[in-house]
Amino acid sequence: MTKEELIQKIKNGFILENQEDMNDEYREALKQTLKIVADTELLSVPPLLTVYDDIPSLNLKITALAVMQDEIGHAHIAWRLLKDLGEDIESLMFKREPHEWKNPYAFDFKLDNWIEFGVFNAFFDRAGYTLLGDAFRHTSYGPWKRALVKVDKEELFHLRNGEVIMRNAMKQPETAKLVQEAVDWMFLMALEFFGVADHLKKRSAQLEYSLKGSTNDELRQIWLSTAVPFCEKIGVKVPAHYDEETGKYVLDVPFPCKFDPEKKKWLFDQPDTWENVVKRFKARGPQNKEFVERVQKGYYELEQARKEVV
């Protein structure tokens, strides 16, 4: 089957169910999508764990654990689908170097306090809900579409949990200050989730084969359309506003721009290029090695224990 024939079948509503339905380009685009999802879901947990002990009540701890358990489950779903596509999951999970993982740059940072756990949920899980909700509505791969029914519902729970934490924190000056500080570095981080600007992308196999339905810039607008009104409603300042003339959300700061990873601060007086942003992504953030080693640690400890027994 030629590429054109497969694309036409998909446009006619064809849902692919196995590898026999695919061509090589479709299979590779699907694998790339699932690897990014798996890495992102699994490596969302280590930064959340950095503030677990600071969470102030048993009920909030139980909710936090539920969120992290969900994320591990989402990663498992993506790994399982990759295994069906012939990938060596053990190598992907335990034998890759930290810099080879494809999780968002924002997940390479420790959180400073438990309020950031809430903003993390409200912003980054919102980005996940935006991306995966689009995939659920448009994907042409049947097993992924069915799996996303569960994943989407849980991502929505996560972002609502984040909104509750932020809303309650805004009632007290000391915690409202922490919310604003978290938003100041996480807002643009969340926008970076969606990738480079549309005019820099020559083509997208994901769009051609309907593995997703919206472009990067369109997904950014969807995220802004819910995140900005929520923040404005609870009194949090964000560097974006709705422009009545264009009917779109507009950023009030340069985007992309330079970021100071040590201070977790955007340098708005230093606009940047997407080319440099991609270089920053590939160089990884300060806790990349620590977090990847944490998720791989048990595998190597078990291997060592097996050798000692023999």
Side-chain angles (χ1 to χ4, degrees), residues 1-42 70-71 73-89 92 101-104 125-156 159 191-226 247-248 274 278 281:
M1 185 185 304
T2 67
K3 174 180 179 177
E4 290 72 23
E5 288 172 337
L6 179 54
I7 289 175
Q8 189 56 52
K9 284 185 70 174
I10 292 171
K11 286 181 178 176
N12 293 339
F14 181 64
I15 296 295
L16 291 80
E17 290 291 343
N18 50 56
Q19 294 201 63
E20 287 68 34
D21 292 334
M22 306 173 188
N23 61 23
D24 290 342
E25 188 177 50
Y26 182 100
R27 186 180 302 106
E28 288 309 308
L30 176 60
K31 285 182 180 179
Q32 182 184 32
T33 299
L34 292 172
K35 287 175 184 175
I36 293 171
V37 171
D39 287 1
T40 298
E41 299 283 8
L42 187 58
D70 287 346
E71 303 294 13
H74 300 170
H76 178 75
I77 289 170
W79 295 122
R80 180 68 180 81
L81 293 175
L82 282 164
K83 187 176 182 179
D84 291 345
L85 294 168
E87 286 292 313
D88 180 352
I89 303 307
L92 283 173
W101 286 63
K102 304 297 183 186
N103 57 290
D125 287 275
R126 185 185 306 274
Y129 182 68
T130 301
L131 283 161
L132 297 177
D134 176 81
F136 170 68
R137 290 188 296 276
H138 298 284
T139 186
S140 55
Y141 186 50
W144 184 222
K145 193 178 190 71
R146 291 189 288 276
L148 285 171
V149 173
K150 166 184 167 66
V151 174
D152 271 6
K153 285 182 167 53
E154 290 172 347
E155 293 293 355
L156 181 60
L159 84 85
L191 292 177
E192 286 187 344
F193 265 55
F194 303 104
V196 303
D198 289 352
H199 69 277
L200 297 175
K201 291 181 72 71
K202 295 178 181 177
R203 56 182 290 274
S204 170
Q206 291 178 327
L207 282 171
E208 288 180 310
Y209 289 113
S210 193
L211 292 171
K212 68 177 194 177
S214 304
T215 69
N216 293 353
D217 288 344
E218 289 169 343
L219 290 167
R220 251 187 291 274
Q221 281 292 318
I222 294 170
W223 185 91
L224 286 163
S225 71
T226 58
K248 293 183 178 180
W274 276 108
V278 172
F281 288 172

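- Once rounded to the nearest 0.5 Å, the distance linking CG of Asp134 with OG of Ser214 reads 4.0 Å.
- Here the CZ-CD distance, from Arg126 to Glu155, works out to 12.0 Å after rounding to the nearest 0.5 Å.
- What you find for Ala29 and Ala205 is that their closest heavy atoms are CB-CB, 3.9 Å.
- Minimum interatomic distance between Met22 and Leu85 (heavy atoms only, all atoms of both residues): CE-CD2, 3.7 Å.
- Judged purely by distance below 3.5 Å, without hydrogens or angles, the side chains of Gln8 and Asn12 pair a donor atom with an acceptor atom.
- Rounded to the nearest 0.5 Å, atoms CG (Asp24) and CD (Gln19) are 9.5 Å apart.
- In this structure, the side chains of Gln32 and Leu211 stay at 4.5 Å or more apart for every pair of heavy atoms.
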Could you go through the side-chain contact (heavy atoms from CB on, under 4.5 Å) check for Asp21 and Lys9 one step at a time? CA-CA 10 Å; Asp21 292 334; Lys9 284 185 70 174; 5.9 Å; no

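- A salt bridge does not link Lys212 to Glu218: none of the charged nitrogens lies less than 4.0 Å from a carboxylate oxygen.
- The shortest side-chain heavy-atom distance between Thr130 and Phe193 does not fall under the 4.5 Å cut-off.
- Taking the side chain as every heavy atom from C-beta outward, Leu224 and Lys248 never approach each other to under 4.5 Å.
- Heavy atoms only, all atoms of each residue included: Pro143 and Glu17 are closest at CD-OE1, 3.6 Å.
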Could you walk me through whether Arg80 and Asp84 pass the salt bridge (charged side-chain N to carboxylate O under 4.0 Å, His left out) test, one step at a time? CA-CA 6 Å; Arg80 180 68 180 81; Asp84 291 345; 2.2 Å; yes

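- A ring pair (Phe, Tyr, Trp, His ring centres under 6.0 Å) with Tyr209 is found for exactly one of Tyr141, Tyr26, Trp144, namely Tyr26.
- For Lys3, the NZ atom counts as densely surrounded, since its 6.0 Å shell holds more than 12 non-hydrogen atoms of other residues, nucleotides or ligands.
- Closest heavy-atom contact between Arg220 and Asp217: NH2-OD1, 2.8 Å.
- When each of Leu34, Ile77, Val37 is paired with Leu82, the side chain to side chain contact (heavy atoms under 4.5 Å, CB included) condition holds for Leu34 and for no other.
- Side chains of Leu92 and Asp39 form no contact here, defined as non-hydrogen atoms less than 4.5 Å apart.
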